[in-house]
Each structure stands twice: as C-alpha cells, then as structure tokens.
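Beneath this line is the structure, given in structure tokens, with notes to follow.
Hydrogens, waters and symmetry mates play no part in the numbers below; they use all other heavy atoms, side chains included. Residue numbers count from 1 along this sequence.
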Amino acid sequence: MKKVILLACLCGMLSSCENVEKKAGEKLQTAREAFERGDYSEAKIQIDSIKILYPKAFEARREGIGLMQQVELKEQEKTLVYLDSLLQKKQAEVDAIKDKFTFEKDAEYQKIGNYLHPSQVVEKNLHRSFLRFQVNETGQMSMTSIYCGPSNIHHISIKVVAPDGSFAETPASKDSYETTDLGEKIEKADYKLGEDGNVIGFLYLNKDKNIKVNYQGERPYSTTMSPADRQAVASVYELAQLLSSITQIKKEMEEANLKIEFVKRKMQEREAKENKETE
C-alpha cells in the first residue's frame with residue numbers, strides 16, 4: 001500500500017512539473033513572438049513573468065535568459081540607429097549656422113574652442129562695458145560681465161531688469177579678476193549657464209526688449225544692452241542648445257555601445273558554458 005501511495009505521489013509530482021514547464025513554455029513562446037515582431041517591452045515582460053510565476057521551470061528560465069540577452073542586444077542596436085539619425089540631424093543644423101559665429105581657440109593652451117557672435121569680438125569692444133556671451137564646442141555656454149572705466153567698482157555679480165520691472169540676478173561670480181590698462185580699470189566676471197541665476201535664460205526670453213544691466217559691487221554702475229548684444233545672447237543661446245544636444249547624444253551612443261559589448265560578452269559566456277555542459 002505504501003508503495004502504491006509513493007508511486008502515486010511521484011506521478012503527481014512529475015505531472016505537476018510537466019504542467020509547470022508547459023505553462024512556462026507558453027509564456028516563452030509568447031515572448032519569442034513579441035521579439036520577432038519587434039515588441040521588445042512585451043517580450044521582456046513575458047520573460048520576467050516566467051521567473052515570477054514558474055520559478056521551478058528551470059529549462060524555460062534558462063532559455064528565457066538567452067532570449068532576454070537577444071532582446072537587450074536588439075534594443076541597444078535600435079537605440080544606436082535612432083541616435084545616429086538624430087546626431088546627423090543636429091550636426092546638419094549646427095553646420096548650417098556655425099559660419100555666422102567667430103570661432104576662437106588657442107591651440108597651445110586650449111583643447112576646446114569657443115564660439116561667439118562676431119559683434120562681440122574683443123577688437124570691436126575695447127573700452128566698453130557690456131555682457132559678452134560665448135559657447136564652447138561641447139555646448140557649455142557662459143556669460144562675462146565686462147566693466148571698463150576710470151575707477152574700479154569691484155563688481156562680483158549683475159542684475160538685469162526688463163522694462164516691466166521683472167529681473168534676474170546672478171550669484172557672486174566664481175571666476176572674476178581686475179586689471180589696469182593705460183590707466184583704464186578693467187573688470188571681468190564669468191558666469192556659466194546653470195550657475196547664473198537664470199540671467200542668460202531671462203535675457204533670451206526678453207531679447208526684443210530694452211534691458212538695463214546693473215553691475216553689483218562696491219560702487220553702483222548701470223548700462224543698457226545694445227540691440228547687437230541682445231542679438232548675441234539669442235544667437236549664442238540657440239547654438240548652445242544644439243551643441244549640448246550633440247554632446248548628450250554622443251554620450252548616449254557611447255553608453256549604448258558599452259551595453260552592447262557587455263551583452264555580447266554575456267552571450268558568449270553563456271554559449272561557452274552550455275557547450276561545456278554538453279561535452
């Protein structure tokens with residue numbers, strides 16, 4: 001009697017295992033079909049469900065790991081195609097406008113050059129107090145408040161005010177210096193986009209308005225932005241957006257390539273392990 005009961009239990013267990021593997025196999029087949037039609041999200045959901053619903057379906061789970069690696073590989077390859085297309089589009093936009101800017105780079109001291117509006121090159125702006133804008137090749141934009149006068153004001157920040165009274169103000173500059181040239185006092189303070197109290201963004205939004213610039217230091221000093229300077233901030237800001245997009249796209253492409261290398265290595269390791277087990 002005990003033998004009969006034991007045999008019945010064994011048969012029940014085998015039947016249960018077969019049933020589990022069958023159901024897990026159905027999930028796996030659904031995942032394969034989703035993969036074949038390019039629905040990678042659905043394929044991943046189905047593969048993950050096998051691990052959750054049928055943890056003892058070892059064969060289906062093993063095959064699921066291989067299929068998941070194929071899914072991840074295809075996802076990254078698809079991402080690369082999209083990013084490459086987007087990169088070409090953004091680069092074409094930059095190429096169409098970059099000749100409108102002056103490019104400055106000291107090959108001996110600089111690895112990355114800067115673009116600025118032609119109206120703001122140094123030679124055209126001697127002895128003038130104004131806001132100067134530039135963007136480097138990676139898309140990092142910055143603003144420099146330049147003061148020229150008979151005596152120092154020792155400014156460390158600026159406040160820009162629109163005709164309606166709205167304004168934006170920089171924090172104290174992290175990079176400023178003062179000098180004297182033939183008796184003229186010259187002060188410069190730099191502010192990077194993102195660390196400028198949104199002054200650059202404010203100027204871009206108000207590029208068609210008369211903007212008053214208040215230099216904030218030991219002594220008060222104010223000036224009004226010229227139309228050329230307002231055009232400069234708008235043009236450089238738009239170029240910065242394109243260049244920073246290109247930098248971000250290249251970073252994402254590099255990450256995608258690293259993921260592809262990782263997945264391919266895991267696939268090779270899995271294949272080598274399976275071949276070894278069958279020997």
Side-chain angles (χ1 to χ4, degrees), residues 1-95 112 137-140 194 241-279:
M1 185 66 180
K2 291 182 178 180
K3 290 183 178 179
V4 172
I5 295 173
L6 179 61
L7 182 60
C9 290
L10 288 172
C11 289
M13 290 174 62
L14 288 173
S15 176
S16 176
C17 289
E18 289 176 358
N19 191 42
V20 166
E21 284 291 351
K22 181 181 178 181
K23 290 183 177 179
E26 292 172 354
K27 286 282 185 182
L28 187 62
Q29 181 57 32
T30 301
R32 288 197 182 102
E33 292 171 358
F35 172 71
E36 291 300 328
R37 65 175 181 266
D39 190 347
Y40 303 131
S41 294
E42 177 63 20
K44 291 166 77 172
I45 289 172
Q46 294 299 326
I47 295 169
D48 285 337
S49 70
I50 295 172
K51 182 169 57 177
I52 296 170
L53 299 174
Y54 311 108
K56 294 184 178 180
F58 302 114
E59 181 61 26
R61 288 182 61 185
R62 184 186 64 79
E63 291 185 33
I65 291 173
L67 181 57
M68 181 66 85
Q69 290 173 340
Q70 292 180 57
V71 170
E72 291 173 343
L73 182 61
K74 286 295 184 181
E75 277 187 325
Q76 295 306 319
E77 289 175 344
K78 184 178 179 181
T79 296
L80 272 181
V81 171
Y82 167 74
L83 290 174
D84 183 65
S85 175
L86 188 59
L87 177 62
Q88 292 182 40
K89 178 184 176 182
K90 293 293 183 181
Q91 189 61 60
E93 291 180 41
V94 170
D95 292 341
I112 302 175
E137 293 175 274
T138 67
Q140 185 178 75
Q241 297 305 300
L242 288 173
L243 291 173
S244 61
S245 293
I246 288 175
T247 297
Q248 181 61 33
I249 292 169
K250 288 180 177 178
K251 180 181 178 182
E252 292 177 10
M253 291 180 72
E254 184 179 351
E255 291 174 352
N257 277 312
L258 288 173
K259 289 178 182 177
I260 287 174
E261 291 177 11
F262 176 78
V263 173
K264 285 183 175 179
R265 185 167 65 252
K266 288 297 181 182
M267 293 175 75
Q268 291 171 353
E269 291 173 356
R270 184 178 61 82
E271 184 178 352
K273 182 180 179 181
E274 291 178 353
N275 291 336
K276 187 175 181 180
E277 290 174 350
T278 56
E279 289 178 356

Closest non-hydrogen atom pair, I47 against A31: CG1-CB, 3.7 Å
Can you tell me how far apart CD (Q76) and NZ (K259) are? Round to the nearest 0.5 Å. 5.0 Å
4.5 Å side-chain heavy-atom contact, Q248 and E252: yes
Heavy-atom distance under 4.5 Å between the side chains of K74 and K78, does that happen here? no
For S245 and Q241, indicate whether the former's side chain and the latter's backbone hold a donor-acceptor pair under 3.5 Å. yes
Taking all heavy atoms of G139 and all of L243, pick out the closest pair and write down the distance. CA-CB, 3.5 Å
What pairs with K89 under side-chain contact (heavy atoms from CB on, under 4.5 Å), at least two apart in sequence or on another chain? E93
If you look at every heavy atom in A60 and I50, which pair is closest and at what distance? CB-CG2, 4.2 Å
So M267 and E271, side chain to side chain contact (heavy atoms under 4.5 Å, CB included) or not? Walk me through it. CA-CA 6 Å; M267 293 175 75; E271 184 178 352; over 6 Å; no
Within the structure provided, determine whether Q91 and Q88 are in side-chain contact (heavy-atom separation under 4.5 Å). no
Heavy-atom pair with the smallest gap, counting every atom of I249 and L83: CG2-O, 3.6 Å
Going through the checks in order, is the salt bridge (charged side-chain N to carboxylate O under 4.0 Å, His left out) test met by E26 and K23? CA-CA 5 Å; E26 292 172 354; K23 290 183 177 179; over 6 Å; no
What pairs meet the side-chain hydrogen bond (donor to acceptor under 3.5 Å, both in side chains) rule with one or both residues in residues 31-54, with sequence neighbours excluded? Q29-E33, R32-E63, E42-Q46, K44-E75
Rounded to the nearest 0.5 angstrom, the CD1-CG distance for I246 and L242 is 6.5 Å
Closest approach of L87 and M253, non-hydrogen atoms and distance? CD2-SD, 3.9 Å
Distance check, rounded to the nearest 0.5 Å: K90 atom NZ versus D95 atom CG? 13.5 Å
How far apart are the closest heavy atoms of T138 and T247, and which atoms are they? O-OG1, 2.7 Å
Before giving the answer on salt bridge (charged side-chain N to carboxylate O under 4.0 Å, His left out), spell out for K264 and E261 the whole-Å C-alpha distance, their side-chain angles and the decisive distance to 0.1 Å. CA-CA 5 Å; K264 285 183 175 179; E261 291 177 11; over 6 Å; no
Just how far is it from atom OG1 of T30 to atom NZ of K27, taken to the nearest 0.5 Å? 7.0 Å
Would you say E21 and E59 make side-chain contact, with heavy atoms under 4.5 Å? yes
